[in-house]
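One structure is given here, and the rest of the page talks about it.
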Amino acid sequence: MARHSVQLLRLNPSSSFFQFQLAHAHMLKSGLKADTHLAAEILSFYAAHVRFPDVVALVLSLTDTDTLSFSSLLSSLSRSPIPSLAVSLFPRMLSVKPPLDPFALPSALKACASLPSLVNGQKLHALAVVSGASNDTFVCSSLLHFYLKCGVQAEAQKVFDRMPNPSVVAYSAVIADAAARGSVSGAKKLLSKMQESGVEPNLVTWNGVIAGFSRSGHPHEAVSMVQRMLLEGCRLDSIGVSTALPAAGDIGDLWVGLQIHGYAIKCGFEADHCIVSALIDMYGKCQVIDGMIRVFDEVGNMDVGSCNALLTGLARNGFVDEALMRFGRFKEQEIELNVVSWTSIVACCAQNGKDVKAMELFREMQSCGVRPNSVTIPCLLPACANIVALMHGRSAHCFSLRSGLTFDVYVSSALIDMYAKCGRIRDARTVFDLMPMRNVVTWNAMLGGYAMHGRAKDAIDLFTLMEGSKQKPDSISFTCILSSCSQAGLKDEGRRFFLEMEREYGIAARMEHYACMVSLLSRSGKLDEAYRFIGEMPFYPDACVWGALLSACRVHGNVQLGEIAAKNLFKLEPHNAGNYVLLSNIYASKGLWDGVDKVRDEMKSLGMKKNPGCSWIEIKNKVHILLAGDSSHTKMEQIVERLDHLGDEMKKRGYQPSTDLALQDVEEQDKEQMLCGHSEKLAVALGLISTSPGTPLRVIKNLRICGDCHAVIKFISEFERREILVRDINRFHLLKDGKCSCGDYW
DNA sequence: GTAGGGTTAG
């Protein structure tokens, strides 16, 4: 087709999309040398109609692109939702003569930064150097931004250092980056240096440093920066307002928050979606529920961001049902809920004991077509871990693998924790070993897993590995290793770690470290030493410390120290019935029934009831709950029958029930009956009758496993040839062939 | 026609 026939198409801005496509098609088919005028017309049409892929297709099809303005093309493509399209034009851009339009580089770098694509950006950097453009202010600040975005701070620093007179933009970028890395002094020094060299910070500088401090956990610094910018004559713009509000919320200073709110109203910023969300968030963090709801209700059109902020604010303040109710209403109103909305509601449930609901919502979000991301998974997994829903946890693992989320440290750390808490310590270790990057949370999850499982040797080996790695142990790592030593009765090792913590790592011992040491000493029989240790603490011991001593007194039958520990606990935790029960058990084990009576009377007069024992067991993807002495389960008759049968078998083998563990002073036979009703035994029996022979069982209990149940389940593991895993409040017991992984030391 | 800053989920 001849050129004139194309022109016959008479393109003008009001031509239809079809006409433009037709012209494009003719150009391709006729193999015409580019008619730059026509091409430019088609290009601008495509760009104006957000048809960016068509733009690229057209440019790539042109044979003569000499006079094409790559800088304007790249500029619009780099700001498009698909910046990779800009990158796809690079080869063509480099082949034209003259090779480089000086205005094209910054846009091209912007595209590389937003992807981000380190390799392509580095090529552009090289090109800038070769073509002598590397001293250009625009090119330098683009390079700076690109390297910071790719996380290559050293390169960014080099670019900055080579700038003879850094611009405001360059200063702003490095200052914001220092602030975001949490370097308060670094950011402030740069700010001073900038002002000394005669460059005044502008709104972007201030907003950047405020956002950096706020996100890096320095909200006080962020707020003081707001005050400083005001003193220096800068006023907050709408972006500044939405940046400053989360910081005000984080320091919980309602007065600051109210002032910013008032200012926002004065400026007429109330309609800004980001500001509305930030306001709701601020009121939520300051626990001003009515303020939060008022802001939400006053916005005319519903924005997902403000809905999400409201859900989080409600959850944060314990209004879980209200959050669920609102969430349901948002769905009915057909608000386009996004991944943040779903993650918020999953987190809300998981953090407030609604574990099953959290898992249901996780499934629902997927069926609504919303893809969970690297934040959703760590929010969900603790719910699976809590109720040992291994199948659900595993399916979240599969999802993460398929979506490439396991590379995220938070996802994998949460997986380690989930597997460990579901009794799959080896799976936890596999996840750990496969991780390309680990942070302190990862190491602690694995160490904590070993501690829970009583695998002291593995914990010590891993701890040694950690000491030799780049990641140094923190206070929590030491809690894990001390707890491992305490579980296994490794007195000398525990002492060594305790000393090493302060001497070599400069970590001051906290309450939980003392509690571990007290537990370590007292449970290995050194009760007096443990008591002396408490006396030498640099601060007042809390309930965990006394609790460790009290439970060791029960194991060793030490009445005198038990009474001292209990007396302190009654003062610290007047409403915790568990402490009364423990003391009573100590008396009962020594046949001191007067003491038992006294404790029972005291409990009665204080209106206290024993916390009921409760166990969970997952059978075929369904979680069953069993309460001590509760006969409401539909299969209770069969459960009791099975336990009776097992009891007979045990008696035949000379087994004696350990009756000293029952709370009350009752007839021997009744005591035996009561022990039968413990929830962990009921759960195990339910597992036995509901699964095929040989299936391993996993049970969780809300309290410490009772000594009699421990003995009975050990027997069951051998008699029924079952591997039974019991997770109690403190640790795991893996019962197999009549033996327990805890070595009867717990 | 070229560079920089915002809310809500861990």
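Lettering of chains follows the sequences in order, A, B, ..., and the numbering in each one begins at 1. The analysis underlying the following values was restricted to heavy atoms, covering all of them including side chains, and did not include hydrogens, waters or symmetry mates.
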Of the candidates B:dA9, B:dT2, B:dG6, the side chain of A:Arg79 sits closest to B:dT2
For A:Ser172, report the nucleic acid contact type (base, sugar-phosphate, nothing); a contact means any heavy atom under 4.0 Å.
base
Name the residue from A:Lys285, A:His218, A:His220, A:Arg215 that meets the side-chain hydrogen bond (donor to acceptor under 3.5 Å, both in side chains) definition with A:Asp250.
A:Lys285
Which part of the nucleic acid, if any, lies within contact of A:Ser374, taking any heavy atom under 4.0 Å across all strands shown: a base, the sugar-phosphate backbone alone, or nothing?
base
Tell me if the side-chain of A:Ser242 makes a donor-acceptor pair with the base of B:dG6, cut-off 3.5 Å, by modelled atom types.
yes
Within this structure, what is the CG-to-P distance between A:Asp281 and B:dT8, rounded to whole angstrom?
5 Å
Remember a base hit wins even if backbone is also touched, and classify A:Thr343 as base, sugar-phosphate or nothing at under 4.0 Å, heavy atoms.
base
Figure out the CG/P separation between A:Leu148 and B:dA3, and round it to whole Å.
16 Å
Whole Å only: how far is the CG atom of A:Asn308 from the P atom of B:dA9?
8 Å
May I ask you to verify if any side-chain N or O of A:Lys110 is less than 4.0 angstrom from the OP1 or OP2 atom of B:dG4?
yes
Looking at B:dG10, B:dA3, B:dT7, which one has an atom nearest to any side-chain atom of A:Tyr410?
B:dG10
Hey, does A:Ser167 reach any base, or is it just sugar-phosphate, or nothing, if we go heavy atoms under 4.0 Å?
base
From A:Cys307 SG over to A:Asn338 CG, what is the distance, rounded to the nearest 0.5 angstrom?
9.5 Å
Output the rounded distance in Å from CD1 (A:Ile275) to P (B:dT7).
11 Å
Ring centres within less than 5.5 Å and planes less than 30° apart: is that true of A:Phe103 and B:dT2 in this structure?
no
Can you tell me if A:Phe319 has over 12 outside heavy atoms packed within less than 6.0 Å of its CZ?
no
Under 4.0 Å, heavy atoms only, any strand: does A:Asp177 hit a base, just the sugar-phosphate, or nothing?
nothing
Using a heavy-atom cut-off of 4.0 Å across all strands, would you classify A:Leu311 as base, sugar-phosphate, or nothing?
nothing
Rounded to whole angstrom units, what separation is found between the CZ atom of A:Phe296 and the P atom of B:dT8?
16 Å
Contact class for A:Asn373 (heavy atom, under 4.0 Å): base, sugar-phosphate, or nothing?
base
Of the options B:dA3, B:dT8, B:dG10, whose atoms approach the side-chain atoms of A:Ala347 most closely?
B:dG10
Please determine, by modelled atom types, if A:Asp408 and A:Asn373 share a side-chain donor-acceptor pair under 3.5 angstrom.
no
Using a 4.0 Å heavy-atom cut-off, does A:Asp303 contact any base of the nucleic acid, only the sugar-phosphate backbone, or nothing at all?
nothing
Let me know the distance between CG of A:Asp136 and C1' of B:dT2, rounded to the nearest Å.
8 Å
With sugar-phosphate meaning primed atoms plus P, OP1 and OP2, does A:Gly208 contact a base, only sugar-phosphate, or nothing at under 4.0 Å between heavy atoms?
nothing
Candidates B:dT2, B:dG4, B:dT7 - which lies nearest the side chain of A:Arg215:
B:dT7
Is there a donor and acceptor pair, one atom on the side chain of A:Ser141 and one on the base of B:dA3, closer than 3.5 Å?
yes
Which nucleotide wins on minimum distance to the side chain of A:Ala211, given the candidates B:dG4, B:dG6, B:dT8?
B:dG6
Student check: side-chain heavy atoms of A:Val168 and A:Glu200 closer than 4.5 Å
no
Base, sugar-phosphate alone, or nothing: which one does A:Thr376 contact when heavy atoms must sit under 4.0 Å apart?
nothing
Just checking, any donor-acceptor pair under 3.5 angstrom between side chains of A:Ser367 and A:Arg363?
no
N/O donor-acceptor pair, side chain A:Asp237 with base B:dG6, under 3.5 angstrom:
no
Check this for me: does any side-chain nitrogen of one of A:Glu196 and A:Lys189 sit under 4.0 Å from a carboxylate oxygen of the other?
no
Tell me: CZ of A:Phe330 to P of B:dA9, nearest whole Å?
14 Å
Between P of B:dT7 and CG of A:Leu245, the distance in whole Å:
10 Å
From C-beta outward on A:Ser277, which listed nucleotide comes closest to its side chain: B:dG10, B:dT7, B:dG4?
B:dT7
